[in-house]
Q: 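Input: one structure, supplied below.
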Amino acid sequence: MEIIKNQTVLDWINAQVDLTKPDQVVWIDGSEAQLEALRQQACSTGEIYKLNEEKLPGCYLHRSDPTDVARVESRTFICCERQEDAGPTNNWMAPAEMYAKLNKLYDGSMKGRTMYVIPYCMGVVGSPFAKYGIELTDSIYVVLNMAIMTRVGAQVADYLDEGFIKGLHSKGTLDPEERYIVQFPEDNAIMSINSGYGGNVLQGKKCFALRIASNLGRQEGWLAEHMLILGVENPQGEVRYITGAFPSACGKTNLAMLIPPEGYRKNGWKCWCVGDDIAWLRPGPDGRLWAVNPEKGFFGVAPGTNANSNPNALATTQKGTIFTNVALNLDDNTVWWEKLDKNPPHNALDWQGNPWSPETAQGPAAHPNSRFTAPAENCPCISQAFNDPQGVPISAMIFGGRRAKTVPLVYQSRSWQHGVFMGSIMGSEKTAAAEGTVGETRRDPMAMLPFCGYHMADYWQHWLDMEKVLTNPPKIFNVNWFQTDDQGNFIWPGFGENLRVLEWILKRCFDEAGAQETQIGYLPKPEDMNLEGVDITRDTLAGLLRVDPEGWKKECEGIHAFYERFGDKLPAALRQELKDLEARLEG
Ligand code: OXD
Ligand code: MN
């Protein structure tokens, strides 16, 4: 059954069929009947496993190959004609060379398999923000995940004449040495092979919505960002929107689904999740920046998600969800992961399918990067604007990272340009879970280091240029929930209490809150923030809001070293911002 008539699309698909040589081609029409038949087929081969229908209706477990459990930045490439267009932070290879290499790997890779054709849309179908793509894959698991994460099937067919992103994925042999995740921005094409997991293969997410879309945004005058989108409703019933960019392991999903502290709830505060990972941002006719979440589901990390840390995320996973690499509780056919609760199952299989119990455990039950793929519509705090084709107007943009010292709880930029500088110097300290030395700061500008599909310095220039079309730009802030005391304990309670910081941020955007000017930007005075109902004294807060000039001078040395990587391409405005900061610190 072919649902697409566009000849360019059909010619391209036929060429991929000739290359990969599947036994048959199946078009995904997006119907529940077809998806259900695929689920049953995948259950019959063991590719997925059906969980307890009463406790977790419509939920499945999948185990990836044990060597295939994460996005692999070292195997991810941006292939454009000129290496300087990919920049120093991306792996690069000339397109002709990469196509030759990949074509060998794809040659006959789908023999004996079925090729699934997934037409999909990032954003609300038909919206001016939306972009379309086709992913060809030999994995039912990919089809089922894409059907949760994006809008798939016949509904997309009429829009492909507007252009589409070509995507080819094959599990190949799963050989990690020959694993490639490749973006060709000049051809609007994505090719991935030898992985069956996550961001490597769900091409709508990082490959399209960030790497390819960042290129489209640059050409078309908008921004594709690694940002959550959150609506904060105040007691007056006004909903104001923020976006937030954070590197991984900084609580982005928790912030996206924040539950206000009790006192706030009593006063009528509510938070609404529009997106947990990606924002596409366009200037509106009113000179403001408008955001949509191009995705339709959440691909979240399971371990650590629980009824205290993120009850909304947990509730979201209770139906229609695919779990990958978590543990299976054999007693009741449900799932478990570390820190889900304090009752690990005693009769379980770990993420690799081996018997596991807390008494005999040699390792974790769930892989630390195990995931849930869950429909956004399940989320108890999903925003009413989630399906709004125009998106939501953004009042504040927040950058953040995990920093034990120096970076205060919150500060506001002096200007748009200074805000871009703040985003460009973002960094996060490595936790025990990441490679490298614990405590070392990894610079991750705008949290886009692995996701910016072109030269990072050109990307900063694009951010700087956006100011010209924004007569009413969002205000830009930096937050750091992670300052520690001398014993290494977090000082700020985080989670729902972060709303206290968001309240100040949003009030600043509407001239409703005070601040003091400092060397690094505007900070709240301790009395500018609401501490009612939280166990933090004004003195402790004052400490969290302290600007430490000596620490910042050291920070500037790190920024110089980082900026050097970009040579002459570094926008002069950012070089100037760094100089001005140093002068203020000396002053
Ligand atoms: C993600 C990531 O999975 O940023 O969202 O790695
Ligand atoms: Mn992400």
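For ligands, and for the atoms within them, numbers begin at 1 and follow the listed sequence.
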Q: Please compare Arg71, Glu73, Lys205, Lys206 and report which has the shortest non-hydrogen distance to atom 6 (O) of ligand 1.
A: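 Among Arg71, Glu73, Lys205, Lys206, the closest heavy atom to atom 6 (O) of ligand 1 belongs to Arg71.
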Q: Which atoms of the protein, restricted to N, O or S, are nearer than 2.8 Å to the Mn ion (ligand 2)?
A: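 Checking every protein N, O and S atom gives Lys206 NZ, His226 NE2, Asp277 OD1.
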Q: Going by the order shown, which atoms of ligand 1 are within less than 4.0 Å of some heavy atom of Asp277?
A: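 The atoms of ligand 1 under 4.0 Å from a heavy atom of Asp277 are 5 (O).
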Q: Tell me whether Lys252 reaches ligand 1 (any heavy atom closer than 4.0 angstrom to a ligand atom).
A: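 Contact check Lys252 vs ligand 1: negative.
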Q: Do side-chain atoms of Asn188 reach the backbone of Ile212 as a donor and acceptor pair under 3.5 angstrom?
A: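 It does not hold such a pair.
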Q: Anything under 30° is parallel, anything over 60° is perpendicular, the rest tilted; go ahead and classify His418 against Phe421.
A: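 The rings of His418 and Phe421 lie parallel, inter-plane angle below 30°.
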Q: Assess Arg211 against Phe451: is NZ or CZ under 6.0 Å from the centre of the six-membered ring, and within 45 degrees of the ring's axis?
A: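 Geometry flag: not set, cation outside 6.0 Å or 45°.
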Q: May I ask you to list the atoms of ligand 1 that are less than 4.0 angstrom from any heavy atom of His226?
A: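 So the answer, numbered in order with elements, is 4 (O).
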Q: Are Arg71 and Glu73 close enough for a salt bridge, meaning some N to O gap below 4.0 Å?
A: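 Yes, Arg71 and Glu73 are salt-bridged.
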Q: Report the part of Arg371 (side chain from C-beta onward, or backbone N, CA, C, O) that has a heavy atom under 4.0 Å from ligand 1; answer both or neither where that applies.
A: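 Under 4.0 Å from ligand 1, Arg371 contributes side-chain atoms alone.
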Q: Do any heavy atoms of Phe299 fall under 4.0 Å from ligand 1?
A: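 Under 4.0 Å: no for Phe299.
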Q: Quick one: look at Phe451 and ligand 1, take heavy-atom pairs under 4.0 Å, and tell me if it's side chain, backbone, both or neither.
A: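 For Phe451, the contact with ligand 1 is made by the side chain alone.
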Q: Under a 4.0 Å N-O cut-off, is there an ion pair linking Asp65 with Lys171?
A: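 Salt bridge between Asp65 and Lys171, a charged N being under 4.0 Å from a carboxylate O: no.
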Q: Are Pro247 and Arg442 close enough that some pair of their side-chain heavy atoms sits under 4.5 Å apart?
A: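 No, every pair of side-chain atoms sits at 4.5 Å or beyond.
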Q: Taking the inter-plane angle between the rings of Tyr141 and His62 on a 0 to 90° scale, is it parallel (under 30°), tilted (30 to 60°) or perpendicular (over 60°)?
A: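 The rings of Tyr141 and His62 lie parallel, inter-plane angle below 30°.
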Q: Do the rings of Phe246 and Trp481 sit parallel, tilted or perpendicular, given the 30° and 60° boundaries?
A: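 Geometry flag for Trp481 against Phe246: parallel rings.
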Q: Dump the intermediate steps for side-chain contact (heavy atoms from CB on, under 4.5 Å) on Arg151 and Val124, then the final yes or no.
A: CA-CA 8 Å; Arg151 288 137 176 116; Val124 175; 3.9 Å; yes
